There are 2 protein chains.
Amino acid sequence: MKNAEQIFQAIANEVGVSPRTVKRTLAQPRKDTRPTYVERAKRIRSLAEAHGYRPNAAARAVRMGRFGQVAMLTRHDVSFQQFNLNKGVCTELAAHDLHMILAEIRPGDLAKPETSPRLLRELCVDGLIVHFAQKISPATLEAVSYSGVPLVWTNLDQATDSVCTDDAQGVRLATETLLEIGHRRIGLLAGPHAKEEFAHYSVRDRREGYLQAMQQAGLSPNIKEFKDDSGYAEGLSRAIDLLDSEPHITAWICDSDVGGGAILMAALAKGLKVPRDLSVIMFHNLSPNGSMGLPISAMALPMQKVGAEAARMLLRKIANPQEPQPCCKVPFSAPPVIRTIGPPRQNK
Amino acid sequence: MKNAEQIFQAIANEVGVSPRTVKRTLAQPRKDTRPTYVERAKRIRSLAEAHGYRPNAAARAVRMGRFGQVAMLTRHDVSFQQFNLNKGVCTELAAHDLHMILAEIRPGDLAKPETSPRLLRELCVDGLIVHFAQKISPATLEAVSYSGVPLVWTNLDQATDSVCTDDAQGVRLATETLLEIGHRRIGLLAGPHAKEEFAHYSVRDRREGYLQAMQQAGLSPNIKEFKDDSGYAEGLSRAIDLLDSEPHITAWICDSDVGGGAILMAALAKGLKVPRDLSVIMFHNLSPNGSMGLPISAMALPMQKVGAEAARMLLRKIANPQEPQPCCKVPFSAPPVIRTIGPPRQNK
DNA sequence: TTGTAGGCGTTATCAC
DNA sequence: GTGATAACGCCTACAA
């Protein structure tokens with residue numbers, strides 16, 4: 001492998017200019033439009049390619065103090081919703097010619113310098129997007145801030161420097177969609193109401209948004225809790241009990257795909273046709289198309305949009321590190337009618 | 001922000017040594033164990049931290065000719081299976097203190113330098129993992145090789161420098177699992193048999209592995225094709241027809257989750273209990289637990305292992321760029337019995 | 001053990 | 001527009 005100086009020298013000899021001119025020609029976008037200059041630039045470029053010259057991004061980073069890359073830090077056990085988040089961040093950064101480093105870590109590893117990721121200990125990124133999908137512990141906060149670069153949180157309901165989904169709007173939209181097609185008795189299958197301090201904001205926001213929407217429509221709310229960690233068989237039997245105990249409900253809004261799946265299977269087991277006899281809509285991490293080819297009407301978490309917004313916010317913070325950015329809440333899109341939601345039965 | 005030299009000078013003044021000694025102390029892991037040295041090193045380290053000193057990875061990259069990072073290049077429309085691939089690559093690289101850049105691109109964008117990712121045009125990574133999950137066109141090959149760094153392919157059945165799943169082994173394992181619990185009439189719901197040149201190796205390998213396993217057991221094979229792109233309703237009705245036309249089959253091995261889902265729902269619609277009346281096992285991109293809380297017996301694609309193996313292979317190639325690495329085929333694990341597979345009905 | 005000098009590939013700056 | 005030079009932070013080699 002020839003080094004850069006040798007390559008420049010060789011090209012300079014062939015073209016008949018100094019090595020510095022060769023370098024400058026390669027670095028600068030063509031401004032001069034005179035034919036002789038353009039012709040020479042073309043020749044230099046093709047020669048450089050022939051010699052296998054590639055600009056060294058690290059050298060530029062040293063000189064400029066900018067690395068041209070950003071890291072996204074996530075928990076190792078984070079769910080598939082991150083897939084679309086990655087996509088959003090990656091695409092938005094690529095539009096600005098920035099690279100995305102993806103780092104998955106165990107939160108406990110942040111404490112010790114030996115196990116914390118190198119990108120927190122060394123200067124190598126221009127900014128950081130942190131996706132922990134949980135309340136942040138003080139130790140985590142300190143470890144992550146240690147890097148000293150601009151930082152944006154995702155999936156966290158903070159006043160500043162964070163991007164998250166607008167779950168209150170999402171559940172209002174779901175409720176309104178059901179109201180519009182004629183439902184009046186709409187139930188919410190809520191996520192577990194954990195202790196306030198540990199609960200994820202989305203569980204709380206979805207409850208509140210539902211209550212608001214129902215109150216605004218002058219209807220009485222009906223909230224049932226569903227724990228989604230007790231296995232299929234138990235979940236299914238509890239869902240069947242639920243449908244039995246609340247026969248007047250014509251539509252269920254489900255906080256998770258697990259609860260939604262249980263309701264769907266329970267309906268199937270009870271001989272109810274979906275959506276003819278019962279409408280079901282669920283907040284879902286994956287795609288609006290569900291999985292295994294099953295059709296579902298889902299409030300798809302707009303994670304790709306969250307990622308794109310986080311990247312944009314980070315770019316603003318890099319340009320202006322001191323200024324706090326107001327929290328960005330990304331709205332949900334309306335769910336597809338037809339699949340598992342439809343008008344209520346008239347005779348109910 | 002103070003620059004590095006100023007920080008070293010400041011620390012040197014406080015401790016009473018030269019700036020170079022400060023730098024060396026920070027760079028070298030402690031070898032000297034004499035109390036005075038250890039004490040001083042400690043002091044220097046804490047002072048460095050107080051001054052906000054961070055090693056600059058780019059400067060080291062320039063000096064050493066190594067960037068300490070590797071890129072993973074994927075199609076923008078690649079499926080969720082990539083999620084676990086990322087995890088494998090990321091974790092394995094982190095064990096060697098390397099970072100992973102994730103880049104999603106449209107294959108068409110590779111042709112033009114304006115739209116091709118910067119990491120192919122500039123020197124900024126030590127190696128490349130390319131996950132296209134398709135036959136590679138010559139243009140793509142050329143664009144990707146342009147970067148000139150060591151390269152490993154994933155999900156591609158090449159003789160060298162690639163890591164993929166061992167689908168023949170996977171389908172043999174699935175078949176043997178079913179044979180062991182008593183099945184004799186085992187069907188394969190195969191992926192569409194596209195033209196040889198465009199077919200993904202996995203479709204072909206799964207057919208062949210199934211044929212081998214059945215032949216070895218002295219049983220006659222039964223292969224049906226299933227197109228998974230025609231929507232739920234049509235897929236379901238075709239699956240019902242299939243079950244009607246092949247009532248003697250006690251277990252279906254499905255090439256995809258879509259076909260598997262259709263069979264499961266068809267069984268439900270026909271009043272068959274799974275796995276009591278019919279066993280169903282599917283090759284699945286996601287997790288072995290399926291989604292929406294539904295229990296399925298899946299041949300889970302070992303993508304995390306593929307990622308880890310690809311990272312390891314790339315490390316070998318970086319250490320030894322010229323030497324071709326033999327293709328690594330990652331085996332599948334045995335599927336969970338109970339969920340949607342079990343012994344056949346005795347009276348069948 | 002400690003200090004000095006030089007070079008890596010960039011880009012910015014200044015003289016011409 | 002062209003050419004030389006300095007500086008970025010790091011590491012290695014060598015001298016003291």
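Residue numbering restarts at 1 for every chain, and letters A, B, ... go by the order of the sequence lines. These numbers come from a predicted model, not from an experiment.
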TODO: In plain terms, say whether B/Arg75 and B/Asp109 are close enough for a salt bridge, that is, a side-chain N and a carboxylate O under 4.0 Å apart.
DONE: no
Exercise for review: Find out whether A/Leu128 and A/Val152 are in side-chain contact, i.e. whether some heavy atom of one side chain is under 4.5 Å from a heavy atom of the other.
Suggested key: no
Whole-Å distance, A/Ile44 CD1 to D/dT2 C1', equals 12 Å
To the nearest angstrom, the CD-P distance between A/Glu122 and D/dC10 comes to 9 Å
**Prompt:** Contact class for B/Arg66 vs. all strands (heavy atom < 4.0 Å): base, sugar-phosphate, or nothing?
**Reply:** nothing
query: Does A/Arg316 pair with A/Asp161 as a salt bridge, N-O distance under 4.0 Å?
result: no
Picking from C/dT11, D/dC10, C/dG9, the nucleotide nearest the side-chain atoms of B/Ala59 would be D/dC10
note: A/Asn56, atom CG; D/dC8, atom C1'; distance rounded to Å ~ 13 Å
Closest of C/dT11, C/dT10, C/dG9 to the A/Tyr53 side chain is C/dT10
Rounded to whole Å, the CZ-C1' distance (A/Phe67 to D/dC10) equals 12 Å
* Using only heavy-atom distances, decide whether a donor-acceptor pair under 3.5 angstrom links the side-chain of B/Arg63 to the base of D/dC11. => yes
When rounded to whole Å, the CE to P distance for the pair A/Met64 and C/dT10 reads 13 Å
Donor-acceptor pair (no angle test) under 3.5 Å: A/Arg60 side chain, C/dT10 base:
no
A/Lys87 meets the salt bridge (charged side-chain N to carboxylate O under 4.0 Å, His left out) criterion, sequence neighbours left out, with B/Glu104
